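Accompanying notes for the structure given below.
Scope of the values below: all heavy atoms of this structure, side chains included, with no hydrogens, waters or symmetry mates. In this text, all values refer to a predicted model and were calculated from it rather than measured experimentally.
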Amino acid sequence: MQAVLYILAAIVGAIIALVIYIVVHKITLKGKKEEILEQAKQEAENIKKEKIFQAKEKFLQLKSEHEQYINEKNKVIADAENRIKQKENSLNQQNSELGRKNKEVEAIRENLKNQVEVATRKSEEYDKLRGEVIKQIEAVAGMTAAEARNQLMDNMKAEARTQAQSYINDVMDEARMNASREAKRIIINTIQRTAAETAIENAVTVFNIESDEVKGRIIGREGRNIRALEAATGVEIVVDDTPDAILLSAFDPVRREVARLALHQLVMDGRIHPARIEEVVAKVQKQLEEEILETGKRTCIDLGIHGMHIELVKLIGRMKYRSSYGQNLLQHSREVANISAILASELGLNPKVAKRAGLLHDIGKVSDEDPELPHAILGMKLAEKYKEKADVCNAIGAHHEETEMTSIISPLVLVGDAISGARPGARREVIESYIKRLKDMENIAQSHNGVTKTYAIQAGRELRVIVAADQVSDQEAEVLSSDIARKIQDEMVYPGQVKITVIRETRAVAIAK
């Protein structure tokens with residue numbers, strides 16, 4: 001029991017001690033709180049005083065800036081007022097000056113008015129006196145003033161006409177003398193500045209070979225390769241005792257070139273037989289067309305000619321393989337182009353138009369269209385078809401005076417063509433007539449139905465005609481050869497005799513797939 005009392009006493013003592021601690025702690029906290037509040041009030045008061053001081057400083061600063069701004073504005077206003085006052089004073093002075101000048105003008109106007117009145121009175125007196133004098137002169141001369149004036153004008157016109165005619169005659173005489181001398185000078189200078197090589201066209205091309213063995217391979221068994229090559233190209237191949245050479249004979253340079261290139265490829269390839277020959281000839285013909293186009297483009301670039309239609313460029317390239325009276329047609333056209341351009345420059349005309357017309361003047365000779373027309377007219381129609389300028393077209397058509405010259409360039413091209421053809425040795429009439437005869441012979445044969453190809457060989461002594469097997473029978477081929485021979489005999493003049501050979505082949509082609 002006593003232990004329980006001790007425990008209760010201990011518990012009560014602990015509770016009393018806890019209560020005492022709590023009370024003491026609260027009293028202590030209350031004192032600290034009052035102290036913190038006092039410190040906070042003191043700091044707030046200090047901050048308030050500091051902010052009030054900063055606000056006063058800011059106010060004083062803004063007040064000073066505002067006063068400075070007001071002073072500047074007042075100064076600007078004062079300057080403006082001063083300028084306005086100065087302008088006002090200046091305007092007042094100008095008004096005073098204008099008033100003074102207006103008075104002077106009024107005085108001058110009044111003076112002029114008086115002078116005009118005086119002049120009017122004097123003019124009336126002068127007119128009156130002039131009328132009286134004219135009446136006296138008319139009475140003395142026996143004619144009116146109008147009649148006298150007309151007579152004087154007629155006399156002056158007659159005198160002026162006589163003097164003008166005399167002056168014109170002198171000028172014309174001097175012009176004739178100078179024109180002849182100047183024309184000779186221009187033509188001589190032009191010829192000297194366009195020196196060109198003289199072209200000599202042959203009807204034979206020499207194909208060089210390495211050995212007689214190659215010659216034998218070209219001939220083939222019983223001459224079959226030669227026959228196939230002649231049939232495919234229309235060129236006569238002459239194999240004789242000439243060492244290391246085969247002659248290709250044809251009047252058409254294009255055919256000779258095709259044969260030469262085909263032989264070259266066949267010899268290089270080594271395979272020479274009829275089927276291969278036909279394949280190579282077809283390939284070479286296509287390559288030659290591309291080379292013709294390239295030649296035309298290169299010619300235009302060399303001469304500085306641009307914007308030409310592609311078909312005209314092809315015709316220019318074909319000129320390389322044509323001749324005109326033994327003169328290479330492309331070289332002749334280039335020469336005419338340069339001569340025409342130089343003549344145009346000497347005369348103060350457009351050299352580019354003259355050069356273009358000179359280059360195109362003979363394109364009718366290489367065209368296959370409408371061969372019945374003269375080549376100048378045909379060339380003009382081709383130029384018009386491919387949108388060349390009117391000056392160029394007229395120069396082409398008039399360079400042989402087959403149409404009227406309407407362009408100043410036309411006589412220049414005519415003169416250039418004459419100068420180019422007049423060079424010593426430039427042309428040979430015999431070659432031209434020979435080539436024309438062979439072409440006419442081929443055209444006569446080509447005009448018959450069923451004919452696919454015609455070749456004049458042996459210098460015109462033989463005409464080979466290849467016909468379509470599905471259109472012409474063997475009997476009709478015999479009749480055809482007789483008809484062609486009779487027509488050539490009736491329409492053409494030629495030395496010796498012409499052999500007509502009609503060739504008809506039947507080929508069957510099948511492809512295994």
So how far is it from [X] [atom1] to [Y] [atom2], rounded to the nearest 0.5 Å?
| X | Y | atom1 | atom2 | value |
| --- | --- | --- | --- | --- |
| Ile316 | Met308 | CD1 | CE | 4.5 Å |
| Ser345 | Lys352 | OG | NZ | 11.0 Å |
| Leu412 | Asp417 | CG | CG | 12.5 Å |
| Tyr386 | Leu315 | OH | CG | 7.0 Å |
| Glu402 | Ile396 | CD | CD1 | 13.0 Å |
| Arg356 | Leu303 | CZ | CG | 11.0 Å |

Next on the checklist: Does Asp302, at its CG atom, have more than 12 non-hydrogen atoms belonging to other residues, nucleotides or ligands within less than 6.0 Å?
Outcome noted: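 For Asp302, atom CG is crowded (more than 12 foreign heavy atoms under 6.0 Å).
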
Checklist entry - Is the CD atom of Glu57 crowded by more than 12 outside heavy atoms at less than 6.0 Å? => result yes

Report yes if the side chains of [X] and [Y] come closer than 4.5 Å at any heavy-atom pair, otherwise no.
| X | Y | result |
| --- | --- | --- |
| Val392 | Ile409 | no |
| Gln265 | Gln287 | yes |
| Ile466 | Tyr455 | yes |
| Ile408 | Leu347 | no |
| Ile47 | Lys51 | yes |
| Asp362 | His375 | yes |
| Met268 | His264 | yes |
| Glu97 | Lys101 | yes |

I need the minimum non-hydrogen distance between [X] and [Y], along with the two atoms involved.
| X | Y | result |
| --- | --- | --- |
| Leu414 | Glu401 | CD1-CG, 3.5 Å |
| Ala469 | Arg504 | O-NH2, 3.0 Å |
| Gly416 | Ile339 | CA-CG2, 3.6 Å |
| Cys300 | Val313 | SG-CG2, 4.4 Å |
| Ala357 | Ala395 | CB-CB, 3.8 Å |
| Ile310 | Leu293 | CD1-CD1, 3.4 Å |

If only atom types and distance count, is the side chain of [X] paired as donor or acceptor with the main-chain N or O of [Y] below 3.5 Å?
| X | Y | value |
| --- | --- | --- |
| Asn394 | Met405 | no |
| Arg298 | Gly317 | no |
| Asn92 | Glu88 | yes |
| Lys453 | Val467 | no |
| Arg318 | Val366 | yes |
| Thr233 | Arg255 | no |
| His309 | Glu311 | yes |

Salt bridge present between [X] and [Y] (N-O < 4.0 angstrom):
| X | Y | answer |
| --- | --- | --- |
| Glu104 | Arg100 | yes |
| Glu289 | Lys314 | no |
| Glu442 | Lys439 | no |
| Arg276 | Glu279 | yes |
| Lys381 | Glu384 | no |

Item to check | Residues Thr454, Arg464; criterion side-chain contact (heavy atoms from CB on, under 4.5 Å); working and verdict | outcome: CA-CA 6 Å; Thr454 58; Arg464 290 189 179 178; over 6 Å; no

Enumerate, atom names and distances included, each donor-acceptor pair closer than 3.5 Å involving a side-chain atom of residues 61-87, sequence neighbours excluded.
{"unit_1": "Asn71", "atom_1": "ND2", "unit_2": "Glu67", "atom_2": "O", "d": "3.1"}
{"unit_1": "Asn74", "atom_1": "ND2", "unit_2": "Ile70", "atom_2": "O", "d": "3.1"}
{"unit_1": "Asn82", "atom_1": "ND2", "unit_2": "Ala78", "atom_2": "O", "d": "3.2"}

Checklist entry - Are the ring centres of His361 and His332 closer than 6.0 Å? => result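 Yes, close enough.
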
Next on the checklist: Show, in sequence, the C-alpha distance, side-chain angles and deciding distance for Ile305 and Lys355, and conclude whether the side-chain contact (heavy atoms from CB on, under 4.5 Å) test is met.
Outcome noted: CA-CA 8 Å; Ile305 296 174; Lys355 184 179 289 187; 4.1 Å; yes

Next on the checklist: If you apply the rule salt bridge (Lys or Arg N to Asp or Glu O under 4.0 Å), what do you find for Glu106 with Arg109, and how did you get there?
Outcome noted: CA-CA 5 Å; Glu106 289 294 332; Arg109 183 182 299 167; 3.3 Å; yes

Item to check | Audit row: Glu291, Lys320, salt bridge (Lys or Arg N to Asp or Glu O under 4.0 Å) steps and yes/no | outcome: CA-CA 10 Å; Glu291 183 180 345; Lys320 179 181 178 182; 3.6 Å; yes

Item to check | Pairing residues for Gln94 by the side-chain contact (heavy atoms from CB on, under 4.5 Å) criterion, not counting sequence neighbours | outcome: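 side-chain contact (heavy atoms from CB on, under 4.5 Å) list for Gln94, sorted by chain: Ser90, Leu91.
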
Item to check | Val336 and His399: CA distance, side-chain angles, deciding distance, side-chain contact (heavy atoms from CB on, under 4.5 Å) verdict | outcome: CA-CA 11 Å; Val336 173; His399 79 274; over 6 Å; no

Next on the checklist: Please determine whether side-chain contact (heavy atoms from CB on, under 4.5 Å) holds for the pair Tyr321 and Leu329, giving the CA-CA distance in whole Å, both sets of side-chain angles, and the decisive distance to 0.1 Å.
Outcome noted: CA-CA 8 Å; Tyr321 303 100; Leu329 192 57; over 6 Å; no

